[in-house]
Amino acid sequence: MFAYELHQIRSAELIREAQNHRLVREALRLRRNARKAAAGEPGTDGRSTSHSDRPRRPRFARAA
């Protein structure tokens, strides 16, 4: 019974930690988008942009 309670406590702690991590990431993303929007940069719609205009490499190699 004691091990089960320790497991429950650890599980709840990990859930709180993950929620806090998600909150921090969201705040950073919003701050970054606000900074880009204030600077007038494109790409603030939430989608990532590539650093070059070249097309992406194919995901899988062609069969011989």
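Note that CZ of Arg32 is 9.5 Å distant from CG of Leu30, once rounded to the nearest 0.5 Å. In this structure, the separation between CG on Asn33 and CG on Leu28 is 11.0 Å, given to the nearest 0.5 Å. A distance of 14.0 Å separates CZ in Arg22 from CZ in Arg29, rounded to the nearest 0.5 Å.
At least one side-chain heavy atom of His21 sits under 4.5 Å from a side-chain heavy atom of Arg25.
Judged purely by distance below 3.5 Å, without hydrogens or angles, the side chains of Arg16 and Gln19 never pair a donor atom with an acceptor atom.
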Side chains of residues 57-64: which donor-acceptor partners sit under 3.5 Å, not counting sequence neighbours?
none

